[in-house]
Amino acid sequence: MNDPANFSFQECLHFLGRSDKECLHYIVDGKLRRMLLAGGEPVVVEIAQGGDAAYLEATVLAPAGVMFPEKDIQDFVTRWLHLDADLGDFYAYTQTDPLLRGLAAEYRGLRLVGMPDLFEAVTWPIIGQQINLSFAYTLRQRFIRHFGYHQQVDGTDYYLYPHPAVIASLTPEVLTPMQFSRSKAQYLVETATVMASGQLSEQVLAPLDYAAARDRLVALKGIGNWSANYTLMKYSRFPQAVLLEDAGLQNAVRQRLQLPAKPSMAALQEYTRPWQQHAAYAVFYLWRSLLPPLNV
DNA sequence: ACCCAGGCGTTCG
DNA sequence: CGAACGCATGGG
């Protein structure tokens, strides 16, 4: 990994454990378990802190007795936990910004936990927009359990996020009884169709710069500026992605500055304008500041 | 009962 | 153009 002095597995685990409705990964005895694709095949892996804390160790829990491309697993974890990041510049910047000062010391080593799956990174904002987080996680759990590839290992259910082709084959009427709004159900099926047909893919997005990628995503129905920037932050990892319209960001700013009410959009633009290439990490650390501290 | 939620698309003035 | 409004429903 890069910048091991600024890596804390514990901080990353704390963020990953924020919802008890999570079903794409589990935390067991300070280790991280999930299913992922290696060599195109589903594998259940356990990720643990290495001996000197400067690296992570991945163990294949299932299927047993089969060799899997180690590099695929390593690449996945690197992208998931942003192990290739270098936080030095961001930490230096936080000391110069009144809104961010102190975040580096409080949460040192927290990496911007991402989403290596494009379909997940595009559809999770659709699922979660406008509703409270608790209900959003409930809907996500239903979505994954109903439509994701599933495998049970040692009595635990592991899932892959649903494949676009599976969702593309649905009608919105399948989703509305599961308490997705009509609009969300429609956006999910439409987005899945666009991805299943290859009109939106890793390859389509990869060559685009920040503005072009944002425009491509916003062209999808149900994806506005907030959702597009979410995808650009969590999947594409554009460092300048900023979630201006985010209620969580607005609450974190209010809290840190002791404002009587949430900041106006104009005020928020003032606060965030200097962030530039630090915006994605700034937002993520401010989200972290809304979670309980580590030692509770 | 009321307001807000990690918004977005549509309609209105 | 920007502002206002409807969506759906859980949670405080």
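Chain letters run A, B, ... following the sequence lines, proteins first, then strands; residues in each count from 1. What you see below is based on every heavy atom in this structure, not just the backbone, and it leaves out hydrogens, waters and symmetry mates.
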Same-atom distance (P) from C/dG10 to B/dG9, integer angstrom: 24 Å
Close aromatic pair by centroid cut-off 6.0 Å: A/Phe284 and A/His82: no
Value in whole Å for how far the P atom of B/dG7 lies from CG of A/Leu243: 10 Å
Length of the CG-P vector between A/Leu244 and B/dG7, whole Å: 13 Å
Rounded P spacing from B/dG6 to C/dA4 in Å: 23 Å
Atom-pair distance (OH on A/Tyr137; P on B/dA5), nearest Å: 15 Å
Whole angstrom value for the distance that separates C1' of B/dA5 from CH2 of A/Trp287: 14 Å
By side chain to side chain contact (heavy atoms under 4.5 Å, CB included) - contacts of A/Ala136 (at least two apart): A/Trp124, A/Ile131
Salt bridge (charged side-chain N to carboxylate O under 4.0 Å, His left out) partners for A/Glu245, two or more places apart: none
Sidechain-backbone polar pair: A/Ser19 side chain, A/Lys21 backbone, donor-acceptor under 3.5 Å: yes
Whole-Å gap separating P (B/dG6) and CE (A/Met115): 15 Å
Atom-pair distance (CG on A/Asn251; C1' on B/dG6), nearest Å: 9 Å
Non-neighbouring partners of A/Arg288 that pass salt bridge (charged side-chain N to carboxylate O under 4.0 Å, His left out), sequence neighbours left out: A/Glu11
Would you tabulate the side-chain donor-acceptor contacts of residues 143-150 of chain A under 3.5 Å, counting partners in other chains and residues two or more places apart, or write 'none'?
unit_1   : atom_1 : unit_2   : atom_2 : d
A/His146 : ND1    : A/Arg142 : O      : 3.0
A/Tyr149 : OH     : A/Gln151 : OE1    : 3.1
A/His150 : NE2    : A/Asp157 : OD1    : 2.7

Residues in contact with DNA chain B, drawn from residues 259-269 of chain A - heavy-atom cutoff 4.0 Å: A/Lys262
Contacts of type salt bridge (charged side-chain N to carboxylate O under 4.0 Å, His left out), residue A/Glu57, not counting sequence neighbours: none
Pairing residues for A/Asp75 by the salt bridge (charged side-chain N to carboxylate O under 4.0 Å, His left out) criterion, not counting sequence neighbours: A/Lys71
Residue list, side-chain hydrogen bond (donor to acceptor under 3.5 Å, both in side chains) with A/Asn132, at least two apart or on another chain: none
Reading 5' to 3' through nucleotides 8-13 of chain B, protein heavy-atom contacts under 4.0 Å coded B for base, S for sugar-phosphate only, - for none: SSS---
Side chain to side chain contact (heavy atoms under 4.5 Å, CB included) partners for A/Pro4, two or more places apart: A/Met1, A/Ala54
Under 4.0 Å protein heavy-atom contacts per nucleotide of nucleotides 6-12 of chain C, with B for base, S for backbone only and - for none: --BSBS-
Could you list the donor-acceptor pairs under 3.5 angstrom formed by side chains in residues 99-110 of chain A, with sequence neighbours left out?
unit_1   : atom_1 : unit_2  : atom_2 : d
A/Arg101 : NE     : A/Gln95 : O      : 2.9
A/Arg101 : NH2    : A/Gln95 : O      : 3.0
A/Arg108 : NH1    : A/Asn6  : OD1    : 2.9

Nearest-Å distance once atom P is located in both B/dC8 and C/dG11: 22 Å
